[in-house]
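Indexing begins at 1, ligand by ligand and atom by atom, following the structure's order. The first residue of the sequence shown is numbered 1, and numbering continues consecutively from there. Bear in mind the structure is a predicted one, so any value in this text is a computation, not a measurement.
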Amino acid sequence: MLLNRKRKTNTLHFYQTLTAVLLIGLWGCNAKHSEVNTNASNDVTAAGEAYLADKGVDSSLWLPVNSVVKRDPNVERQVAKLMADMTLAQKVAQMIQPEIRDITPEDMRKYGFGSFLNGGGAFPNNNKHSTPEDWIALAEAMYQASIDDSMDGSTIPTMWGTDAVHGHNNVIGATLFPHNIGLGAANNPALITEIARVTATEVMVTGIDWVFAPTVATVRDDRWGRTYEGYSEDPDIVKAYASAIVEGLQGTPGDDFLGDNRVISTVKHFVGDGGTQEGDDQGNNVSSESDLYNIHAQGYVSGLAAGSQSVMASFNSWKGDKIHGNKYLLTDVLKRRMGFDGFVVGDWNGHGQVVNCSNESCPQAINAGLDIFMVPTDAWEPLYFNTIEQVKKGIIPMARIDDAVKRILRVKVRAGLFEKPSPKNRPFSGRTELIGHSEHREVAKRAVRESLVLLKNNDDILPLSRNQRILVTGDAADNIGKQSGGWTITWQGTNNVNSEFPGGTSIFDGIRSKVGTTNVELSVDGSYQEKPDVAIVVFGEEPYAEGQGDIAHIDYQGVNGKDEQLLKSLQAQGIPVVSVFITGRPLWVNPEINASNAFVVAWLPGSEGDAVSDLLFKDDNGKSVYDFTGRLSFSWPKDPSQTLLNRGDKYYDPLFAYGYGLDYLHSSSNIPMLSETLQRQATDSDSYPIYQGGVKAPYEMSLFSGQKRVSVKASSLSLAGLSFRTIDRFVQEDGFRIDTQEGEWSGVRFLLSNSEHPSILALNSQYQLKMDVRLLNASAQAIRMNLGCDQAGANCLQSLDLKTQLKDDKEWQTLAVDMGCIDFARFRQQPIAIELASESKVSAMFHNIRLEKSETDSSSADCNG
Ligand code: BGC
Ligand code: BGC
């Protein structure tokens with residue numbers, strides 16, 4: 001039996017090596033590890049084989065991984081010694097990871113959490129402009145509280161996890177690298193290691209120990225809002241990169257492993273996140289087990305071989321089962337078969353999505369193999385107490401808790417957390433000159449240059465001569481926030497302005513520095529003072545993250561999109577056009593390509609926009625200094641229906657295939673006019689979102705209290721006695737909560753100032769304003785909805801009393817107000833305002849505010865309020 005297994009494994013090893021050799025030939029990538037473990041160490045023993053067979057693990061598919069980080073008896077002894085003295089409460093605290101918006105150092109002192117995180121857009125003191133010193137101060141305070149045993153009896157250091165997913169992206173001034181989709185096009189694992197090393201350094205400057213990267217999703221359906229977080233649609237690059245990045249972040253044994261400028265890495269999200277049906281974020285992956293392994297798990301094969309110490313469980317389901325509760329995948333496959341001996345951290349209240357679980361209680365997840373609950377919001381407290389109770393009652397076996405804590409402590413010991421000085425005293429801590437250091441930016445610039453893909457260059461219009469009049473236009477030309485995408489300072493990457501990227505550059509900055517100020521003109525809308533010889537148009541997707549980036553179709557801007565019009569108007573004036581497309585995924589842009597002489601895909605280049613221009617111009621000798629080396633790691637669609645389009649498909653018919661990319665070295669033929677005659681998606685006019693996982697353009701959201709106003713551009717905010725915070729109802733930040741005080745009228749306001757917007761047409765009797773509401777401590781009496789115009793001084797708000805419709809019962813309920821009962825015609829030309837307001841003490845939650853075609857008007861609020 002044992003012999004048999006070995007033979008099989010060896011044969012597979014041979015084929016894997018062969019594939020690796022082929023890969024080197026094809027892509028020049030460097031398959032360093034022999035990932036497959038022939039002398040099964042770690043948890044896989046002969047007895048384990050019988051266990052695995054019993055659990056139905058296909059051992060010819062899932063192979064043991066040979067991690068470079070070996071079990072060290074000294075480490076194991078130290079862990080055992082620590083655990084011998086720990087109470088149940090201390091052990092459970094190791095497994096709870098709250099978020100910085102929900103705990104104070106005092107909570108840390110009291111409970112001794114094993115770790116904590118800051119989510120995207122969460123900053124020390126809730127201050128977006130926190131300095132590196134502020135980050136260190138919080139790291140230090142949490143650390144000191146964790147080793148203070150005065151309340152919890154524990155001296156185990158905590159650790160801080162952060163999403164440094166394209167550089168240390170929550171920190172103002174950090175070097176921001178291209179998002180992973182661009183790095184995939186660069187196809188250069190050595191560069192990836194360098195990027196990871198730089199990222200680790202900048203993270204260590206702020207005293208943080210651990211990053212939630214790399215994402216090793218193999219992305220199959222580009223409607224997925226996280227497409228740009230993946231390197232490729234194909235497992236080859238994902239596999240080559242996962243080990244490269246883990247080595248850069250953590251170092252390797254013998255070479256600064258988890259040393260002073262290294263951080264713990266996390267391969268995420270295990271497993272199948274990039275393969276959900278319709279690209280639905282957190283949705284269902286129905287792949288066969290062999291696709292799950294061969295397509296979706298390859299980043300784990302190499303990332304774990306390189307020694308990644310943590311794995312994040314994914315939000316998605318596999319064949320209908322949420323991974324957070326899937327014992328087969330988390331325990332039998334990942335830990336037992338692959339032999340992973342670090343810890344599995346959950347994703348953002350992901351445990352709450354397991355059947356029969358809530359954010360506050362989920363023994364199923366621990367029993368399935370989850371070691372750390374990522375539990376933002378105030379759910380951490382009930383979760384902690386419930387978990388302790390569940391162990392006492394035998395619902396969670398003590399052995400499972402011990403296994404989880406052993407894994408957590410093993411990683412802490414390996415990372416030297418018991419020996420390293422406290423965060424503020426570590427060698428890199430406070431060396432703020434390293435944040436955004438010019439050498440780091442050079443690495444990022446190189447990555448930008450290597451990531452650009454040239455799709456079209458008719459009549460060799462590129463590279464451009466610098467001695468001509470250049471118009472730079474498009475709304476991404478001078479917009480560092482837009483070129484950086486999601487996970488940039490804020491979670492969604494929205495609400496950032498250029499001054500919040502000190503040291504960073506826009507694409508326009510680079511062009512201006514190449515051609516000089518007199519030859520270049522910048523205008524967002526394409527107007528100009530003097531007719532240009534050529535226009536560089538920089539345009540593309542607005543930033544988004546996670547499910548908020550999910551789209552229904554991949555037609556870029558719909559019929560007569562605004563950028564298509566801009567390009568066509570330049571074309572009609574006889575101005576040659578070079579398009580630079582900012583995007584998190586391939587999109588159907590045939591009309592935009594047709595209206596361009598050259599078309600460059602820049603993906604989401606990050607803070608070093610100036611490097612884009614390095615590829616666009618000739619030098620004084622008429623030669624290009626840099627050439628395009630980026631090649632598509634995602635297939636480009638020919639048709640907006642090609643949402644599932646991947647190398648190796650049976651009927652593969654892309655516009656530009658995987659691996660495509662033009663350059664200056666090779667001559668290329670002109671791209672002919674592409675078909676634009678496809679049935680293009682009409683906008684859905686049955687429903688207009690106002691607040692859905694954030695305020696929806698063109699609405700603007702603000703808080704008001706009496707005459708004071710502040711626009712909502714953060715996940716928590718207060719104004720006078722009023723406070724606002726986003727909440728997670730079904731998924732992250734899909735709703736918000738407001739707390740008002742007795743006194744002046746205060747609340748939230750949604751403003752629509754674009755009187756051309758089609759949703760204006762919905763302000764009539766066929767539509768209802770709908771929202772889900774949950775009253776926490778108020779009577780419905782206390783809330784009013786004001787609808788009408790927003791003209792200063794004009795008395796045109798109509799007020800509705802909500803008491804006839806809302807119940808006081810603290811449950812979620814749907815409110816629907818007929819738009820027919822408001823006389824909008826009176827102020828058609830004015831900005832339209834929708835307000836939720838109170839002049840007494842109210843706590844209420846809101847979710848999914850929208851205008852919707854009504855089915856019936858019977859349940860709507862009293863018009864005469
Ligand atoms: C939080 C972010 C977090 C994200 C995780 C949001 O609700 O505000 O901080 O990173 O969820 O998905
Ligand atoms: C995301 C993770 C991230 C976590 C913490 C989650 O919503 O899925 O990728 O690491 O939030 O911000």
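Nearest to atom 1 (C) of ligand 2 by heavy atom, out of D273, D728, D347, is D347.
Each of the atoms 5 (C) of ligand 2 lies under 4.0 Å from some heavy atom of L117. Shown in contact with K268 at under 4.0 Å from a heavy atom are these atoms of ligand 2, numbered in order with element: 2 (C), 3 (C), 9 (O), 10 (O). Remark: ligand 2 atoms within the under-4.0 Å shell around heavy atoms of Q732 are 6 (C), 7 (O). Close approach of ligand 2 to H269 is summarised as follows: ligand atoms under 4.0 Å from at least one heavy atom of the residue are 2 (C), 8 (O), 9 (O). With ligand atoms numbered from 1 in the order given, ligand 2 contributes 10 (O) to contacts under 4.0 Å with heavy atoms of F212.
Between the N326 side chain and the K322 main chain, no donor and acceptor come within less than 3.5 Å of each other. For the pair W487 (side chain) and G121 (backbone), a donor-acceptor distance under 3.5 Å is absent.
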Mind running side chain to side chain donor-acceptor pair (under 3.5 Å) on K128 and N496 for me, showing each step along the way? CA-CA 10 Å; K128 185 180 186 187; N496 298 321; 2.9 Å; yes
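For the pair R729 and W812, the distance from NZ or CZ to the six-membered ring centre is under 6.0 Å and the angle to the ring normal is within 45 degrees.
Contacts between R226 and ligand 2 below 4.0 angstrom, taking non-hydrogen atoms only, involve the side chain exclusively. Under 4.0 Å from ligand 2, not a single heavy atom of T215 appears.
Of the N or O atoms in W348, none lie within a sub-3.5 Å distance of an N or O in ligand 2. Taking distance alone, with nitrogen or oxygen atoms compared against 3.5 Å, W487 stays at or beyond that limit from ligand 2.
Taking the centre of each ring, Y228 and Y544 come in below the 6.0 Å mark.
Classified by interplanar angle (parallel below 30°, tilted 30° to 60°, perpendicular above 60°), the ring pair W210/F212 is perpendicular.
Judged as a ring pair (Phe, Tyr, Trp, His ring centres under 6.0 Å), the pairs with a partner in residues 360-379 (not counting sequence neighbours) are, in order, H351-F373.
Partners of A444 under the side chain to side chain contact (heavy atoms under 4.5 Å, CB included) rule, at least two apart in sequence or in another chain, are T175, F177, E608.
At a 4.0 Å cut-off, at least one heavy atom of F315 sits close enough to ligand 2 to count as contact.
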